Protein chains: 2
Amino acid sequence: MNYTKTEENYLKAIFSLYNKENKEVSTNMIAEKLKTKPSSVTDMVKKLANKNLVKYEKYKGVTLTKKGNNIAINIIRNHRIWEVFLVEKLGYKWDEVHEIAEQLEHIKSDELIDRMAEFLDNPKFDPHGDPIPDKTGKFAERKKAVLLSEIGIKEKGIIVGVKNTSNDFLQYLEEKSLTLGKQIEVIKEFDFDKSRNLSIENKLITISKEVCNNLIVEKIIA
Amino acid sequence: MNYTKTEENYLKAIFSLYNKENKEVSTNMIAEKLKTKPSSVTDMVKKLANKNLVKYEKYKGVTLTKKGNNIAINIIRNHRIWEVFLVEKLGYKWDEVHEIAEQLEHIKSDELIDRMAEFLDNPKFDPHGDPIPDKTGKFAERKKAVLLSEIGIKEKGIIVGVKNTSNDFLQYLEEKSLTLGKQIEVIKEFDFDKSRNLSIENKLITISKEVCNNLIVEKIIA
DNA sequence: ATAAATTTTTAGATTAGTCTAAAAATTTAT
DNA sequence: ATAAATTTTTAGACTAATCTAAAAATTTAT
Ligand SMILES: [Mn+2]
Ligand SMILES: [Mn+2]
Ligand SMILES: [Mn+2]
Ligand SMILES: [Mn+2]
């Protein structure tokens, strides 16, 4: 079975929406995510249902079948492994790789991805801290990972991921040195707007509530 | 300007046919090369002509415009650079890379290919000995390159390329150790069928006329 | 120079993916 | 519970790329 790029992108979209909402994915949500029209989604979803990749009932939304889920996870594996390659081997910055990985993820060859993974020493996380599923589809777990907004004053953590992966946010973080692996300590929070002072690399910086809500850290139990 | 995978494949086919025949490329030839039907070729060729990528006159065949030529060369550059990557970095054999490179060559990002080339130390030839055009479209030249069938008895040469790149032929060569960089000496030729005895790595082997006609060697002027 | 064979083009259909506009179903508000 | 708003589906049309069958042009053979 070989699927088109479009089918794969639908499955990936349904996967990520389902895992955010934990319920049937609506036509409108898919349309918005894929920047297409709801009527197009209805058509495609019927096609995917015929191929047993999604479960679909009129007016009731869509979920992935086991088969559809496997395919989606595989594409995500491809995407993230390519992102690692682009950053680690070709020197791209983390905000420059997503669009190219969107293309590379559709290259059809399991052998290729296995060799790439091996070439890259079987990475468990991509340049944005997102877990890379293994060949069997299992995602690595980050222990004790919480949002920066969820840890208390005087507590320390290591940046291990971003919830929002937009290029704008990634570039902002780059500028503030808030990159993966960096250690931070929450110094204080301003009641006014819930912005926080952090200590990072011996410097003190202030970041907004927005930023705190989108940075994933691993708590350091002192 | 961004072209579809199909358009790119047509341009590449026209490029390679034109450079073999040195005259307008016929509808049937393109159809055969791309495993499609002549009527489909006519349609596509009209489209390419409208986009100024080919010069086309009804019943008179096709040639590439400067613009079409540039695009074709660029795809070939992509293809060959990816083949180098697959062999050098991922350990593929030279008969295993073509199909994957056929997919990878269509990834849209000039930046990516430039970085790949740099990562691979700007290779001038691909794993089959074919020259890789540089960014400006210039192909490297192999000096003194001739077919093995064209050098005389007692003469020596180094294998630098293959005229036929079918997997069957590549696998045959692999088995006989007739791989790029190997030195050979022509020991004798049998009048009966023009097969030849070669000395390679201190062993004596016999190869057919067919093989001689498809191996490119650089003559060693002793 | 005509006829036969071959090549190329045209005409009309098909499939994947998309769109707009309108109809139908569902959800939300009164 | 009815009406209003929203969501989803259907109907019909479009583009890219392909195909088959038939017509037209070109080339080759007699
Ligand atoms: Mn990405
Ligand atoms: Mn990522
Ligand atoms: Mn190749
Ligand atoms: Mn090659």
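Not measured: the values here are computed from a predicted model.
Checked for salt-bridge contact, R115(A) and E111(A) meet the test: a charged N lies under 4.0 Å from a carboxylate O. Between R77(B) and D114(B) there is a salt bridge, since at least one side-chain N of the basic residue sits less than 4.0 Å from a carboxylate O of the acidic one.
Contact check, K37(B) against dA21(D): no side-chain N or O comes under 4.0 Å of OP1 or OP2. Within the 4.0 Å cut-off from OP1 or OP2 of dA16(C), not a single side-chain nitrogen or oxygen of Y3(A) is found. Considering only side-chain N and O atoms, K58(A) lies under 4.0 angstrom from the phosphate OP1 or OP2 of dT10(D). Note on Y10(B): a side-chain N or O is less than 4.0 Å away from OP1 or OP2 of dT18(D).
Spacing between atom CD of E57(A) and atom P of dT26(C) amounts to 11 Å, rounded to whole angstrom units. In this structure, CG of D43(B) is placed 11 Å from P of dA11(C), rounded to the nearest angstrom. In this structure, the CD1 atom of I30(A) is 12 Å from the C1' atom of dT8(D), given to the nearest Å. One atom, CE of M44(B), and another, P of dT15(D), lie 15 Å apart when rounded to the nearest Å. For the pair H106(A) NE2 and dA16(C) P, the interatomic distance rounds to 18 Å; values are reported in whole Å. Computed from coordinates, the Y59(A) OH to dT28(C) P distance equals 16 Å when rounded to whole Å. Rounding to whole angstrom units, OH of residue Y56(B) and C1' of dT7(C) are separated by 12 Å. Atom pair N28(B):CG and dT8(C):P shows a separation of 4 Å (rounding to whole Å applied).
Among the nucleotides dA16(C), dT9(C), dT10(D), the one closest to the side chain of T4(A) is dA16(C). Distance from the side chain of S40(A) is smallest for dT18(C) among the nucleotides dT9(D), dT18(C), dC19(D).
Inspection of the N28(B) and S26(B) side chains reveals no N or O donor paired with an N or O acceptor under 3.5 Å. Using modelled atom types and a 3.5 Å distance limit, the side chains of S166(A) and D168(A) yield no donor-acceptor pair.
When heavy atoms are screened at a 4.0 angstrom cut-off, T42(A) is found touching base atoms of the nucleic acid. If you check every strand for non-hydrogen atoms under 4.0 Å, K46(A) touches sugar and phosphate atoms only. Within 4.0 Å (heavy atoms only), T27(B) reaches sugar-phosphate atoms of the nucleic acid but no base atom. If you check every strand for non-hydrogen atoms under 4.0 Å, S39(A) touches a base. At the heavy-atom level, K60(A) lies nowhere under 4.0 Å from the strands shown.
In this structure, V62(B) and V41(B) have side chains that are not in contact, with every pair of non-hydrogen atoms separated by 4.5 Å or more.
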- In sequence, state the C-alpha distance, the side-chain angles, and the governing distance for H106(A) and N9(A), and then conclude on side chain to side chain donor-acceptor pair (under 3.5 Å). CA-CA 9 Å; H106(A) 302 291; N9(A) 282 334; 3.0 Å; yes
- Query: What would the secondary structure line of DNA chain C be in dot-bracket form, counting Watson-Crick and G-U wobble pairs under 3.5 Å, with [ ] for pairs that cross earlier ones and | for pairs with another strand?
  - Reply: ||||||||||||||||||||||||||||||
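A 6.0 Å sphere centred on CD of E32(A) holds no more than 12 heavy atoms belonging to other residues, nucleotides or ligands.
Seen from the ring of F119(A), K89(A) counts as a face-on cation partner, given the 6.0 Å and 45° thresholds.
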